[in-house]
Undergrad: 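This is the structure I have questions about; it appears just below.
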Amino acid sequence: MKIASWNVNSLKVRLPQLAQWLADARPDVVALQETKLEDARFPVDELAAAGYRAVYSGQKTYNGVAILARGEPQDVVTDIPGLDDPQRRILAATIGDLRVVDLYVVNGKAVGDPKYAYKLDWLAKVREFLAREHERHPNLVVLGDFNIAPDDRDVYDPVAWGGEVLCSPPEREALKRITDLGLHDSFRLFEPDGGHYSWWDYRQGAFRRNMGLRIDLILLGDALKPAARAAAIDREPRRWERPSDHAPATLDLDI
DNA sequence: ATGGTTGTTCAACAA
């Protein structure tokens, strides 16, 4: 099966691109971030026409996550213990034998900003949730927009980005505390080299110049690691008209 | 250095 994560930066704007990509790439499970839609406005019928069931946790203007799958997602969780948060950033569901957790990690704005403190606190609380999920569901996939470049290979200009938000040591340490739960960055099971990014700023022709960061990740629990067959970032939809600033990350799993 | 671009909403914020 094929799993994917895509920050669509407004599902209202990006629905045509998403439908095209679903038809082209034919993923079995897709985690979306930044849908920016209230649940009542989620395009259930359009996605059903594309062959996908959906669960979603959205809000107006900001944030919003969704999981698309061929079958009905079960045991849906939108809120976790210890995190009383109106921001819709977490969605967990069971799809067949797979437990899927979709995350839209806090951006953090800048090191030292109150939003940066919120990001680190959010990550610590989500880590505790993921530890419990992993105990209950060995076949765990955690994917989404992590808003953290795991290491300097994931950054086009590590000197310029050194210590900045998305690359700072406390953020990378918070991510490591999550991967240390036995959740493996699937892209790095296949690709040791740098220069592969999933987000490029809309400004200054950053995509054309491949000035990007790899911040969209698919983490695989220990039990699923042997089933990984291929990982990629599909830059094709980033070349289309009116693109998201993110490209989909994909993973082929032999299950 | 605080630029520039897109989305939501309509001046300002978030990314």
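Chain letters run A, B, ... following the sequence lines, proteins first and then strands; every chain starts at 1. FYI, side chains are in, hydrogens and waters are out, and symmetry mates aren't considered; it's all heavy atoms of this structure.
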Undergrad: One thing to verify: whether A:Arg53 and A:Glu72 come together as a salt bridge, which I'm taking to mean a side-chain N less than 4.0 angstrom from a carboxylate O.
TA: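 Yes, this pair counts.
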
Undergrad: Return the value, rounded to whole Å, for the distance between atom CH2 of A:Trp240 and atom C1' of B:dT6.
TA: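 Answer to the nearest Å: 19 Å.
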
Undergrad: Can you measure A:Arg209 atom CZ to B:dG4 atom P for me and round it to whole angstrom units?
TA: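 Whole-Å distance recorded here is 14 Å.
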
Undergrad: How many Å lie between CG on A:Leu37 and C1' on B:dG7, as a whole number?
TA: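 So the CG-C1' distance, A:Leu37 to B:dG7, works out to 12 Å.
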
Undergrad: May I ask you to decide if the ring planes of A:Tyr56 and A:Phe42 are parallel, tilted or perpendicular, using 30° and 60° as cut-offs?
TA: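 Rings of A:Tyr56 and A:Phe42: parallel, as their planes differ by under 30°.
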
Undergrad: Check the distance between B:dG7's C1' and A:Asp201's CG and give it to me in whole angstrom.
TA: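 From A:Asp201 CG to B:dG7 C1': 13 Å.
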
Undergrad: I'd like to know if A:Arg229 pairs up with A:Asp254 as an ion pair, taking the criterion as any Lys NZ or Arg NE/NH1/NH2 lying under 4.0 Å from an Asp or Glu carboxylate oxygen.
TA: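 Judged by the 4.0 Å cut-off on N to carboxylate O distance, A:Arg229 and A:Asp254 do form a salt bridge.
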
Undergrad: Counting Watson-Crick and G-U wobble pairs with both distances under 3.5 Å, what is the dot-bracket string for DNA chain B, 5' to 3', using [ ] for crossing pairs and | for pairs to another strand?
TA: ....((((...))))

Undergrad: Can you name the closest pair of heavy atoms from A:Val55 and A:Ala93 and give their distance?
TA: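 Answer, listing the atom of A:Val55 first, then A:Ala93: CG2-CB, 4.3 Å.
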
Undergrad: What is the distance from CE of A:Met211 to P of B:dG4, rounded to the nearest Å?
TA: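 One finds 15 Å between P of B:dG4 and CE of A:Met211, rounded.
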
Undergrad: Which atom names give the shortest non-hydrogen contact between A:Pro43 and A:Leu37, and what distance separates them?
TA: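 Between these two residues, the closest heavy atoms are CD-CD1, 3.8 Å.
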
Undergrad: Spell out protein contact along nucleotides 9-15 of chain B as letters: B when the base is contacted, S when just the sugar-phosphate is, - when no protein heavy atom is under 4.0 Å; keep the 5' to 3' order.
TA: S----SS

Undergrad: Using atom C1' in both nucleotides, what's the gap between B:dA15 and B:dG3 to the nearest angstrom?
TA: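 Approximately 16 Å lies between the C1' atom of B:dA15 and that of B:dG3.
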
Undergrad: Please state the P separation for the pair B:dC10 and B:dA1 - nearest whole angstrom.
TA: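 Comparing P positions in B:dC10 and B:dA1 gives a spacing of 35 Å.
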
Undergrad: To the nearest Å, how far apart are A:Arg208 CZ and B:dT5 P?
TA: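 Between P of B:dT5 and CZ of A:Arg208: 12 Å.
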
Undergrad: If only side-chain N and O atoms of A:Arg14 are considered, is one of them under 4.0 Å from the OP1 or OP2 phosphate oxygen of B:dT6?
TA: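 No, because none of the side-chain N or O atoms of A:Arg14 sits under 4.0 Å from OP1 or OP2 of B:dT6.
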
Undergrad: Taking atom C1' in both B:dT9 and B:dA14, compute the distance separating them and give it to the nearest angstrom.
TA: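 12 Å, rounded to whole Å.
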
Undergrad: According to the salt bridge (charged side-chain N to carboxylate O under 4.0 Å, His left out) rule, which pairs have a member within residues 136-159 of chain A, sequence neighbours left out?
TA: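 Of all non-adjacent pairs touching residues 136-159 of chain A, those that pass salt bridge (charged side-chain N to carboxylate O under 4.0 Å, His left out) are A:Asp151-A:Arg153, A:Asp152-A:Arg172, A:Asp154-A:Arg188, A:Asp154-A:Arg214.
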
Undergrad: Could you measure between the two C1' atoms, the one in B:dG4 and the one in B:dC13, and give it in whole Å?
TA: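 Comparing C1' positions in B:dG4 and B:dC13 gives a spacing of 16 Å.
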
Undergrad: Roughly how far apart, to the nearest Å, are B:dG7 and B:dT2 at atom P?
TA: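 The same atom, P, in both gives a distance of 27 Å.
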
Undergrad: Establish, yes or no, whether a centroid distance under 6.0 Å links the rings of A:Trp21 and A:Trp240.
TA: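 Centroid distance A:Trp21-A:Trp240: not below 6.0 Å, so no.
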
Undergrad: Before accepting this row, confirm whether a basic side-chain N of the pair A:Asp85/A:Arg89 lies closer than 4.0 Å to the acidic partner's carboxylate O.
TA: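 A salt bridge is absent here (no side-chain N lies under 4.0 Å from a carboxylate O).
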
Undergrad: Looking at A:Asp201 and A:Arg203, is any side-chain nitrogen of the basic one under 4.0 Å from a carboxylate oxygen of the acidic one?
TA: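 Between A:Asp201 and A:Arg203 there is a salt bridge, with a charged N closer than 4.0 Å to a carboxylate O.
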
